[in-house]
Amino acid sequence: YIGYNPQEVSVVGKTHITVKLVEDSQVLDDVVVVGYGVMKKSDVISSVTTIKTDKMTKSATLDVAEMLRGKAAGLKITTSENAGPGGKADIQIRGTNSISGGTSPIVVADGVVIGSINDVNPNDIASVEVLKDAAAQAIYGARAANGVILLTTKRGSAGQANVSYNGYYGIQNVDRNFDVYSPEEFVKYKREAYLTTNNNQYGEDSEVFSQLELESIRNGQYIDWQKELMRTGTIQNHDLTLTAGGEKTKVFVSGNFMRQTGVVPSTDFTKGQLRFNLDQEITSWLSFGLNSSLSISTTNDPGVAGLLRDAVTCSPLGSVYDADGNLNMHPTGLQENWNPLIDIYEKSVVKKNRNDLVSLFVDFKIYKGLSFRVNASRRSWGYKGETYNTANSKAGSYTGMGSGSIKNQDLDEWTIDNILTHDNRFSKHHLSGTLIQSWNERNQHTNQMVGSLIPNDLLGVYGIEAAEKVIPTLSA
């Protein structure tokens, strides 16, 4: 399949339209990225899909994976359970390849394997290629068993310096809620449920419902948990880029700020990114380049997935607040029914991430058709997670005291690639080959402190040193 030329046909005044598509043979000369090099589409024998980034960035989302949804055959994007602000969708190439192992493809940006596709600002991406079959494993080994997504970032260009800004601000609402029982239907359902456990006999409402539920039925005042839980969210994204350069020096600089407040209260996501790419030609046979990026993000999410599940399954009978205006821990008066709003205000989960990447490459043109490249990169990732449950939270209701945890993780990864490439044409023939030697070292450390029975909530999670029970964990 080589594609077809686009056509525009006027339909004004026509009742029958016939369109004959013309094959576009020029796409066979397009160059695509395949692992450690590039090839013409006409020379590619494996399954490689190129995604156009101009259409990808039109999606009003902060998740790069969501931007790829529906853009390539065989690329399956599904919303993960952690779908709140800062959450990322799951990516699979050609379905699930493992029952118990990981199913996500590896992501390679400018020749360096990175931790997540969201480590790269979508507006910095120049091209996206998806390697789907065994060719991916031939290049990257067993870690590419689930496929490879190749990202190439934008570079500077010769000519006048150019500064551009791209941004948007919008609001987000839930247009369609979950389909649940109406309050009247739920009342009938609960009476029928009591029937099945009472020798097929209906009981008095005082036997079926709690006192709070009876008051709700008599007054006709019911709870719409989804309305109580939802609000209007906001989303904004701002990009500022600079491209400049001459014949031998080219620079690309970009900065990005994004923020999203979720439709569930107490959930938000903030992220800032910087990128600096440099290309320098020293002589006709020697050049070097630099790719560097920094990303810092903060996520607040007390557990959207669990909160929504509780809101859907919670009884519409009872009262959200007590007579003093405080949240009812058990809105129906029954111990098995928890108020979904409790943990929104009485539990905090803060996640902070930092990603930085520095990659330096040097190109040597040995003679016509033979070149050698050295890639050296360092990737660093840091994570800090803070979780705290107050004495009034769901977890705190069991002990009457607070609990929390602090978790720190850091990762350093070093990679050196030596790439020898031969590409020669003679007569009507084309001969090319690549020889690669790669070295990689990865170090990761984790430390965690979990505390329970914290006497007061004044210091939040930083009062963990006063906890009656503390469990430290270290790993490397």
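Just so it is clear, the structure is predicted and the values come from calculations on it, not from any experiment.
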Colleague: Which pair of non-hydrogen atoms, one from Met67 and one from Met56, has the smallest distance, and what is that distance?
Modeller: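 Nearest pair, atom of Met67 first, then Met56: CB-CG, 3.3 Å.
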Colleague: Looking only at heavy atoms, which two atoms of Tyr388 and Gly402 are closest? And how far apart?
Modeller: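 Scanning both residues completely, I find the closest heavy atoms to be OH-CA, 3.8 Å.
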Colleague: After noting the C-alpha distance and the side-chain angles of Arg155 and Asp279, does the key distance pass the salt bridge (charged side-chain N to carboxylate O under 4.0 Å, His left out) rule?
Modeller: CA-CA 8 Å; Arg155 318 297 301 179; Asp279 294 281; 3.0 Å; yes
Colleague: For the residue pair Asp310 / Trp338, report whether a side-chain donor-acceptor contact shorter than 3.5 Å exists.
Modeller: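 Looking only at side-chain atoms, Asp310 and Trp338 do not form any donor-acceptor pair under 3.5 Å.
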Colleague: Which distance, rounded to the nearest 0.5 Å, do you find between the CG of Asn418 and the CH2 of Trp439?
Modeller: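 Asn418 CG to Trp439 CH2: 11.5 Å, rounded to 0.5 Å.
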Colleague: Is there a side-chain contact between Gln448 and Asn408 (heavy atoms, below 4.5 Å)?
Modeller: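 The answer is no; the side chains never approach within 4.5 Å.
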Colleague: Checking side chain to side chain contact (heavy atoms under 4.5 Å, CB included) against Thr387, which of Ser405, Ser348, Pro302, Ser403 comes through?
Modeller: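 Output: one option passes, namely Ser405.
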Colleague: Flag the pair Asp412 and Arg442 as a salt bridge only when some basic side-chain nitrogen lies within less than 4.0 angstrom of an acidic carboxylate oxygen.
Modeller: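 Not counted as a salt bridge, because no side-chain N and carboxylate O are separated by less than 4.0 Å.
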Colleague: Has Asp457 got a side-chain atom pairing as donor or acceptor with Gly460's backbone, closer than 3.5 angstrom?
Modeller: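 Not confirmed, Asp457 side chain does not pair with Gly460 backbone.
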Colleague: With side chain to side chain contact (heavy atoms under 4.5 Å, CB included) as the criterion, how do Val362 and Leu286 come out once you've worked through the C-alpha distance, each side chain's angles and the decisive distance to 0.1 Å?
Modeller: CA-CA 7 Å; Val362 181; Leu286 178 63; 3.7 Å; yes
Colleague: Indicate the atoms forming the closest heavy-atom contact of Thr283 with Glu281, along with that distance.
Modeller: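 Here Thr283 and Glu281 meet closest at O-CG, 3.4 Å.
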Colleague: With no hydrogens and no angle check, just 3.5 Å: does a side-chain donor-acceptor pair link Asp90 and Gln92?
Modeller: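 No, because no side-chain N or O of Asp90 sits under 3.5 Å from a partner of the opposite role on Gln92.
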Colleague: Does a side chain donor of either Asn237 or Asn256 reach within less than 3.5 Å of an acceptor in the other side chain?
Modeller: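 Per modelled atom types, Asn237 and Asn256 side chains form a pair under 3.5 Å.
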Colleague: Would you say Asn440 and Thr415 are linked by a side-chain donor-acceptor pair, where the criterion is simply a distance under 3.5 Å?
Modeller: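 There is such a pair (donor and acceptor under 3.5 Å, judged by atom type) between the side chains of Thr415 and Asn440.
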Colleague: Quick one: does Asn173's side chain have a donor or acceptor within less than 3.5 Å of a partner on Asp175's backbone?
Modeller: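 Checked: no pair found.
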Colleague: Can you check whether Gly246's main-chain N or O pairs, donor with acceptor, with Thr249's side chain at less than 3.5 Å?
Modeller: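 No, the answer is negative, given that no donor and acceptor are paired below the 3.5 Å cut-off.
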Colleague: Please report the interatomic distance CG(Asn162) to CD(Gln160), rounded to the nearest 0.5 Å.
Modeller: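 That separation rounds to 8.0 Å.
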Colleague: Begin from the C-alpha positions of Gln172 and Gln260 and carry the test side chain to side chain contact (heavy atoms under 4.5 Å, CB included) through to its verdict.
Modeller: CA-CA 9 Å; Gln172 296 179 315; Gln260 182 180 12; 3.0 Å; yes
Colleague: State, yes or no, whether a side-chain contact exists between Lys271 and Ile296 at a heavy-atom distance under 4.5 Å.
Modeller: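 Side chain of Lys271 against side chain of Ile296, heavy atoms only: no contact under 4.5 Å found.
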Colleague: I want to check something: taking the side chain as every heavy atom from C-beta on, are Ile114 and Val120 in contact at a cut-off of under 4.5 Å?
Modeller: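 Yes - at least one pair of side-chain heavy atoms lies under 4.5 Å apart.
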Colleague: Under a 4.0 Å N-O cut-off, is there an ion pair linking Asp124 with Lys154?
Modeller: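 A salt bridge is absent here (no side-chain N lies under 4.0 Å from a carboxylate O).
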Colleague: Is any side-chain heavy atom of Thr298 closer than 4.5 Å to a side-chain heavy atom of Lys351?
Modeller: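 With C-beta onward as the side chain, the pair stays apart.
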Colleague: For Lys76, I'd like to know if atom NZ has over 12 heavy atoms of other residues, nucleotides or ligands within 6.0 Å.
Modeller: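 For Lys76, atom NZ is not crowded (no more than 12 foreign heavy atoms under 6.0 Å).
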Colleague: Can you see which heavy atom on Asp343 is nearest to which on Leu307, and at what distance?
Modeller: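 Smallest heavy-atom distance, with atoms named: CB-CD2, 4.3 Å.
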Colleague: Report, as yes or no, whether the 6.0 Å neighbourhood of atom CG on Asp179 holds more than 12 heavy atoms from other residues, nucleotides or ligands.
Modeller: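 Incorrect, the count does not exceed 12.
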Colleague: Does any donor atom in the side chain of Ser432 or Asn424 lie under 3.5 Å from an acceptor atom in the other side chain?
Modeller: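 No, because no side-chain N or O of Ser432 sits under 3.5 Å from a partner of the opposite role on Asn424.
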Colleague: With salt bridge (charged side-chain N to carboxylate O under 4.0 Å, His left out) as the criterion, how do Arg354 and Asp356 come out once you've worked through the C-alpha distance, each side chain's angles and the decisive distance to 0.1 Å?
Modeller: CA-CA 7 Å; Arg354 174 196 50 78; Asp356 62 78; 2.5 Å; yes
Colleague: Just checking Glu441: does its CD atom have more than 12 heavy atoms from other residues, nucleotides or ligands closer to it than 6.0 angstrom?
Modeller: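 Above 12, so yes.
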Colleague: Look up atom OG in Ser127 and atom NZ in Lys52, then write down how far apart they are to the nearest 0.5 Å.
Modeller: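 If I round to the nearest 0.5 Å, the distance is 13.0 Å.
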Colleague: Quick one, Asn389 and Glu346 - any side-chain contact, counting heavy atoms below 4.5 Å?
Modeller: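 Sidechains of Glu346 and Asn389: no contact.
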Colleague: Take Asp239 and Tyr165, measure what side chain to side chain contact (heavy atoms under 4.5 Å, CB included) needs, and give me the verdict at the end.
Modeller: CA-CA 6 Å; Asp239 278 284; Tyr165 166 80; 5.9 Å; no
Colleague: Contact between Ile51 and Leu68 at the side-chain level, heavy atoms closer than 4.5 Å - yes or no?
Modeller: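 Side-chain contact under 4.5 Å: yes.
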Colleague: Is the ring pair Phe426/His429 parallel, tilted or perpendicular, if the boundaries are 30 and 60 degrees?
Modeller: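 The rings of Phe426 and His429 sit tilted, inter-plane angle from 30° to 60°.
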Colleague: For Ser254 and Leu240, indicate whether the former's side chain and the latter's backbone hold a donor-acceptor pair under 3.5 Å.
Modeller: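 No; judged by distance alone, with no hydrogens or angles, the pair does not exist.
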Colleague: Does any non-hydrogen side-chain atom of Thr421 lie less than 4.5 Å from one of Ser371?
Modeller: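 With C-beta onward as the side chain, the pair touches.
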Colleague: Begin from the C-alpha positions of Thr241 and Phe252 and carry the test side chain to side chain contact (heavy atoms under 4.5 Å, CB included) through to its verdict.
Modeller: CA-CA 7 Å; Thr241 62; Phe252 175 84; 4.3 Å; yes
Colleague: Supply the atom-to-atom distance Asn300 CG to Thr261 OG1, rounded to the nearest 0.5 angstrom.
Modeller: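 OG1 of Thr261 is found 11.5 Å from CG of Asn300.
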Colleague: Could you tell me the separation between the CZ atom of Phe276 and the CG atom of Leu242, rounded to the nearest 0.5 Å?
Modeller: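 These two atoms lie 9.5 Å from each other.
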Colleague: Measure from the side-chain N and O atoms of Asp110 to the backbone N and O of Thr152, and report whether any donor-acceptor pair falls under 3.5 Å.
Modeller: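 Flag not set: sc Asp110 to bb Thr152 has no pair under 3.5 Å.
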Colleague: Do Arg373 and Asp417 sit within salt-bridge range, that is, some charged N less than 4.0 Å from a carboxylate O?
Modeller: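 The answer is no: the pair does not qualify as a salt bridge.
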Colleague: Using a cut-off of 6.0 Å, state whether more than 12 heavy atoms not belonging to Phe364 lie near its atom CZ.
Modeller: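 Check passes, neighbour count above 12.
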Colleague: Got a donor-acceptor contact below 3.5 angstrom from the Asp63 side chain to the Ala89 backbone?
Modeller: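 It does hold such a pair.
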Colleague: Using 0.5 Å steps for rounding, measure from the CE atom of Met258 to the CD atom of Gln236.
Modeller: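 CD of Gln236 is found 10.5 Å from CE of Met258.
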Colleague: Give a yes-or-no answer on whether the side chains of Thr243 and Ser157 include a donor-acceptor pair shorter than 3.5 Å.
Modeller: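 No - no donor-acceptor pair under 3.5 Å links their side chains.
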Colleague: Compare every heavy atom of Arg69 with every heavy atom of Ile77, then report the nearest pair and how far apart it is.
Modeller: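 Taking every non-hydrogen atom into account, O-NH1, 2.8 Å.
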Colleague: Is there a side-chain contact between Val358 and Ser377 (heavy atoms, below 4.5 Å)?
Modeller: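 The answer is no, as the side chains (C-beta and beyond) never meet within the 4.5 Å cut-off.
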Colleague: Can we say Asp268 and Arg259 salt-bridge, meaning some charged N sits less than 4.0 Å from an Asp/Glu carboxylate O?
Modeller: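 Here Asp268 pairs with Arg259 in a salt bridge, since their nearest N and O are under 4.0 Å apart.
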Colleague: For Gln437, does the CD atom have more than 12 heavy-atom neighbours from other residues, nucleotides or ligands under 6.0 Å away?
Modeller: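 Yes, because the 6.0 Å sphere around CD of Gln437 holds more than 12 heavy atoms from other groups.
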Colleague: Please name the pair of heavy atoms, one in Asn456 and one in Leu458, separated by the smallest distance, quoted to 0.1 Å.
Modeller: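 Taking Asn456 first and Leu458 second, the nearest heavy atoms are OD1-N, 3.2 Å.
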